[in-house]
Participant: 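Here it is, the structure in full.
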Amino acid sequence: MALIYCPECKKQISDKAECCPHCGLPRAYFTQMSNQGKIIPVEKQNNDPAEDYKTLRNMLISFDKDYNEIFNTQRYIPSSTAKRFYKNYAYYVGVLKDPMVKQYIANMSVSIGFNAEQSNRFVSAMEDFYEKVDRFNEKFIEQKLIEYKEYFDNILKSVDANVRLDDEQRKAVLTDEDYCLLIAGAGAGKTTTMAAKVKYLVEKQSVTPKDIIVISYTNKAIDELKERINCKLNIPVKICTFHSFGYEILRKSSDVPPNVNYKAYSIIIDYLEKRVFNNKRLLSNLVKFLGFYFDIPEDIFKFNSLNDYCTYKASLDYETIKSRLGDYIKTIANKRTKKTRTITGEFLRSVQEVQIANFLYLNSIDYEYERPYEYPVPGANKMYTPDFFIKQGENECYLEHFGITENFQSDIYNKSQLEKYIRHIIDKRKLHKLKGTALIETWCQYNDNRSLIEHLEEELNKNGFILKPRDNEEVYRKLTETGKDKYVFKLIMFMIEFIEKYKTCGYDEAGFKVLRNKTDNVRSLLFLDIAEEVYRYYQDELRRNNQIDFSDMINDAEKILYEISQSNYKPSYKYIIIDEFQDIARQRFNLTKSLVDVTGAKVVAVGDDWQSIYAFAGSDITLFQKFLELMGNGKEMQITHTYRNSQELIDIAGSFVQKNPSQIKKRLISPKRLENPVIVECFEDTSNYYKNWASKIEEVVGKIVAEYGRKTSILMIGRYNYDLDYLVRSGKFEEIKKTRIRCLKYPYTNITFLTAHSSKGLGFDNVILVNMMEAKFGFPSQLEDDPIMKLVTYTDNTVPYAEERRLFYVAMTRTKNRVYMIAPRKRPSRFVIELIQDFDIPHDANINMEIVERYTLKCPICGSPLKYENNKNYGIPLYMCTNEPEICDFMTNDRVAPHDIYKCPKCADGYMIVKKNKNDESRFYGCTNYDRTQKGCRNIANITICASNDSPQ
């Protein structure tokens, strides 16, 4: 009998077929099983079927021997061993399950030397093989737990006599998989488990210390591991960071080892300040980027709502290149005090207005932003200030930029708002036509999909303006001279951060092409063009001086591992143990994978995806979550017994972090019990904000001291380091040395201040989260990564503030007892509100349970954020609505009683603004032309009078 197979699709086919019915391969390429059990071309087949079945009989003899050997061992069976065994015999399972083969065996059992029972036993053993391996390993571990009980009871006695491994830790030590992901919850003793694993391998598995390497991320973690393993256990295994390991590979594989360059800034600033003038294309791109795009990280068309758009506008300062070069100086007279002041910065209202202003400046066309219209507008309650007044010689023109499309459409305005916008456009057109003033109109988006700048250039040419481009070299030199600290320094630091993250992703020179295909954003594409030039120069300088940077230590080491056969140095490891694996970045993962490929070592990855908090530094949480899928067969294990936190606290913190469905599910278990482990303490956040805040923290310190005594350790956790600055400035605390602070009221209390990131891995008696405020720099932080940086970092979008949620979990689990959250009554963090709602956390009865949007000063007319600016036209500081003036032109001088200013009806150039009564806190309207000599306008009005303006603005 002949078993004919198609080598293309691997399916059995009829021996009479002329081609494969599945993939169409011609018969000449068909193969069959030979009597030696090998696949041979069909033309070379042996026509004696009995010979084929003799091969099967010999296969069964070999199988019985190998099968007994694999299960007759006193060692754990790793997946690779099981997979290799199964692969050797998997082909024959299909053969013996074939109905024709089974019939032939039944008829010819005596003559061919085996029967159906033998065949069925083989098939059954193979089908149950992996389950039997699992059962064997489980039984092996249970036996070893009993056999090594006393050994495990005392395995870390030399480290700490009080430490005793629990069953989960012991099973993790005994498990000898090829790839083992060990998920250790906060306070569950991962370092203890790693130390025990190393000792067990050396003492019970006879692995020599030189065949084990332990890798972690920080020198602090390395020092702790060295103290436990190298010093206290006296086991000389290699313990190092990824960087030092990579550098060791580079040193040992090179005749002239590279030096480490610590001065990326010096190389890049040398290029951007001195050598850039030899590269005209780069020079032009730099002027464009610094002038048009640097501080403008998003395009205005990307917003989903008017609120998002206005909130975004309120958060940025749209400064022009004229301002950056120091060419903008205006003197204005304050209408209230009659004093003059100089304004040296030009800040516009939107991204596209900045682009227009910069285009005008770079093409030598004089402009004035929001210059009052030269003719009075009948019935208007405010000045009409067109966006730009343009002048070139005798040629004068106004320019209005409209934040809707050329065909009057918008995604952010509703129907009534859009109708109002269009009415204003029509009114402006009529006014300019009536007064005979030239008007250029530009739009946020055009029907032909060409850029704003292209259309602006055409309109200027049509109106007789001659474009005279400024010399890029001259502009750039002036930029570097006048704005070096503010702009060039920022650009260099931004560039260094980008290159570092670019390399951390594992990209090389060819990566820029890949990134360009991932975005159509003009700003991002322009930056990539600049960054590629800088990157190539930077790398050439490193190579020229035989230098590398920290990222190269890892990336170059990985490349060498690929070419290991040509190297004089070949690492030899049997076990790779990696600490804090949840923080693994792509380049470190690639290095690990390459090391495994070269050495065949087993990997133990230890970490906790709930504590993955370093995406900003390049970590990719999916590499942890998909570890086994990416590395190969292995086992995922959990250590769930924690001895730091109470059960009540870890139930709260665990439920909170697992609101993210992508987090690996687990429930930590603690022997400790504590009622109310989380307490929300509120302070009044109206007047004296920071004084009230510091007083509340001082009060909480007193409560902790009263309950736990003055020897208790307190960790104050801030989202950012400047929380400590505010504490010190309050006068109630002082910094005595780095991270250590003193409460003046309780001077002998042991208090440490750390950021949430730097607190990771530590434990204190009690924790105070000092800044639980809903704000841009609150907790969660609402700072957005620049879209350019998002190209080279992993962003977890599974839930809002996913990484901040994990960071908050880290902060909560630093305590051995309670967590006190200091929150403002009116603007508490959304995380605090969530905890109160979900877990009935003790809190102030007067706390606001609604999430307050970041910008609380809102326009009373349209609800958009108000933005504070020194207005040159009105001569007073104003809070101005960030909505388009065609929709809402609200502006006020008083944030406490925000009422709209309007034109004084009793004088020529005065405006009615909000004033405060000297005798009480009441407000009234008074004219800006009032003065104490009584010569000015004395007009006053009741505050309820607030004129609505629907005239062109």
Side-chain angles (χ1 to χ4, degrees), residues 213-226 230 238-275 489 492-509 511 531-564 566-571 573 576 578-580 583-595 598 614 616-619 758 792-793:
I213 182 172
V214 180
I215 306 176
S216 192
Y217 281 80
T218 65
N219 289 325
K220 180 182 175 183
I222 292 300
D223 290 342
E224 183 181 359
L225 287 164
K226 284 181 176 179
N230 296 157
K238 185 173 186 61
I239 302 173
C240 61
T241 64
F242 275 101
H243 286 102
S244 61
F245 174 67
Y247 191 46
E248 179 184 302
I249 292 176
L250 297 179
R251 283 190 293 105
K252 292 187 176 181
S253 61
S254 174
D255 294 333
V256 183
N259 296 314
V260 181
N261 181 285
Y262 299 96
K263 298 179 179 179
Y265 180 86
S266 299
I267 296 176
I268 294 175
I269 196 171
D270 178 69
Y271 187 51
L272 293 181
E273 277 197 332
K274 300 175 184 176
R275 303 177 188 275
F489 175 77
I492 292 170
M493 298 311 294
F494 189 81
M495 185 68 70
I496 290 172
E497 182 184 358
F498 176 83
I499 291 175
E500 182 180 336
K501 290 181 176 179
Y502 180 87
K503 289 185 172 186
T504 300
C505 288
Y507 290 123
D508 55 21
E509 288 85 349
E532 183 171 14
E533 298 270 9
V534 175
Y535 173 85
R536 290 183 187 280
Y537 176 81
Y538 174 67
Q539 290 297 104
D540 287 344
E541 280 297 291
L542 292 181
R543 282 190 285 266
R544 189 172 66 82
N545 294 293
N546 191 32
Q547 293 178 332
I548 57 172
D549 61 17
F550 280 99
S551 295
D552 291 332
M553 287 182 185
I554 296 175
N555 291 340
D556 290 358
E558 185 214 343
K559 292 174 185 175
I560 286 173
L561 287 174
Y562 273 122
E563 304 162 357
I564 202 72
Q566 301 173 10
S567 172
N568 296 323
Y569 166 67
K570 181 175 180 180
Y573 295 108
I576 304 168
I578 304 176
D579 187 20
E580 303 288 7
D583 297 325
I584 196 83
R586 174 62 64 177
Q587 61 166 186
R588 292 168 175 82
F589 182 87
N590 292 342
L591 178 63
T592 303
K593 193 75 169 66
S594 297
L595 184 59
V598 169
Y614 288 104
F616 68 88
S619 72
S758 57
V792 287
T793 53

Participant: What's the spacing between Tyr538 OH and Ile496 CD1 if we round to 0.5 Å?
Facilitator: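 Nearest 0.5 Å value for the OH-CD1 distance: 8.0 Å.
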Participant: State, with a plain yes or no, whether a side-chain heavy atom of Glu248 is found less than 4.5 Å away from one of Cys240.
Facilitator: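 No - every pair of side-chain heavy atoms lies 4.5 Å or more apart.
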Participant: For the CZ atom of Phe245 and the CG atom of Leu595, what is their distance to the nearest 0.5 Å?
Facilitator: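 That separation rounds to 4.5 Å.
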Participant: Taking the side chain as every heavy atom from C-beta outward, state whether Glu533 and Tyr271 have any pair of such atoms under 4.5 Å apart.
Facilitator: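 Yes - at least one pair of side-chain heavy atoms lies under 4.5 Å apart.
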Participant: Donor-acceptor pair, distance only, cut-off 3.5 Å: does the side chain of Tyr502 make one with the backbone of Gly511?
Facilitator: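 Checked: pair present.
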Participant: Looking at Phe616, is its backbone amide N or carbonyl O close enough to the side chain of Lys501 to form a donor-acceptor pair, meaning the two atoms are under 3.5 Å apart?
Facilitator: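 At least one qualifying donor-acceptor pair exists.
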Participant: Show the numbers, then the answer: is there a side chain to side chain donor-acceptor pair (under 3.5 Å) between Lys503 and Gln539?
Facilitator: CA-CA 11 Å; Lys503 289 185 172 186; Gln539 290 297 104; 2.5 Å; yes
Participant: With Lys559, which residues qualify under salt bridge (Lys or Arg N to Asp or Glu O under 4.0 Å), at least two apart?
Facilitator: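 Lys559 satisfies salt bridge (Lys or Arg N to Asp or Glu O under 4.0 Å) with no other residue.
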Participant: Side chain of Tyr217, backbone of Ile584: donor and acceptor closer than 3.5 Å?
Facilitator: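 Indeed, once roles are kept as given, a pair shorter than 3.5 Å links the two residues.
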Participant: Determine whether Met493 and Tyr265 make a side-chain contact, defined as any pair of heavy atoms from C-beta on separated by less than 4.5 Å.
Facilitator: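 Yes, their side chains come closer than 4.5 Å.
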Participant: Does Asn545 reach the main-chain N or O of Glu541 with its side chain, forming a donor-acceptor pair under 3.5 Å?
Facilitator: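 Looks like yes, one N/O pair under 3.5 Å.
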Participant: Does the side chain of Ile268 reach to within under 4.5 Å of the side chain of Ile499, using non-hydrogen atoms?
Facilitator: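 Contact flag for Ile268/Ile499 side chains = yes.
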Participant: Which heavy-atom pair separates Tyr247 from Pro258 by the least distance, and what is that distance?
Facilitator: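 Minimum heavy-atom separation between Tyr247 and Pro258: OH-O, 2.6 Å.
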Participant: Does the pair Arg536/Glu532 count as a salt bridge with the N-to-O cut at 4.0 Å?
Facilitator: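 So Arg536 pairs with Glu532 through a salt bridge.
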Participant: Hey, are Asp540 and Arg543 close enough for a salt bridge, meaning a charged N less than 4.0 Å from a carboxylate O?
Facilitator: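 Judged by the 4.0 Å cut-off on N to carboxylate O distance, Asp540 and Arg543 do form a salt bridge.
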Participant: How far does CG of Asp552 sit from CG of Leu542, to the nearest 0.5 angstrom?
Facilitator: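 It comes to 6.0 Å.
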Participant: State, to 0.1 Å, how close Ala221 and Ser216 come at their nearest heavy-atom pair, and which atoms those are.
Facilitator: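 Shortest heavy-atom contact: CB-OG, 3.4 Å.
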Participant: Measuring from Thr504:OG1 to Asn555:CG, what's the distance to the nearest 0.5 Å?
Facilitator: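 Answer for the OG1-CG pair, Thr504 versus Asn555, is 7.5 Å.
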Participant: Using modelled atom types only, decide if a donor and an acceptor are shared between the side chain of Asn546 and the backbone of Pro257 within a distance under 3.5 Å.
Facilitator: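 Checking the backbone N and O of Pro257 against the side chain of Asn546, a donor-acceptor pair under 3.5 Å is found.
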Participant: Just so I know, are the side chains of Asp579 and Val214 near enough to count as touching, which here means a heavy-atom distance under 4.5 Å?
Facilitator: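 Of all side-chain heavy-atom pairs linking Val214 with Asp579, none is under 4.5 Å.
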Participant: For a 4.5 angstrom cut-off between non-hydrogen side-chain atoms, does Lys238 reach Tyr573?
Facilitator: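 They are in contact (side-chain heavy atoms under 4.5 Å apart), so the answer is yes.
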Participant: Looking only at heavy atoms, which two atoms of Ser254 and Val256 are closest? And how far apart?
Facilitator: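 Heavy-atom minimum between the residues: OG-O, 3.0 Å.
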Participant: To the nearest 0.5 Å, tell me how far Ile269 CD1 sits from Ile492 CD1.
Facilitator: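 Nearest 0.5 Å value for the CD1-CD1 distance: 4.0 Å.
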Participant: Side-chain contact, heavy-atom cut-off 4.5 Å: Asn590 with Arg586?
Facilitator: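 In short, these two side chains touch, coming nearer than 4.5 Å.
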Participant: Looking at Asn259, I'd like to know if its CG atom is crowded, meaning that more than 12 non-hydrogen atoms belonging to other residues, nucleotides or ligands lie closer than 6.0 Å.
Facilitator: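 For Asn259, atom CG is crowded (more than 12 foreign heavy atoms under 6.0 Å).
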Participant: Indicate the atoms forming the closest heavy-atom contact of Val598 with Leu561, along with that distance.
Facilitator: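 Heavy atoms only, the tightest pair is CG2-O, 3.3 Å.
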Participant: Working to the nearest 0.5 angstrom, can you tell me the gap between Met553 CE and Arg251 CZ?
Facilitator: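 The CE atom of Met553 sits 9.5 Å away from the CZ atom of Arg251.
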Participant: Would you say the side chain of Tyr537 lies within less than 4.5 Å of the side chain of Ile267, judging by non-hydrogen atoms?
Facilitator: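 Yes, their side chains come closer than 4.5 Å.
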Participant: Closest heavy-atom contact between Glu558 and Ser594?
Facilitator: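 The pair with the smallest heavy-atom distance is CG-OG, 3.3 Å.
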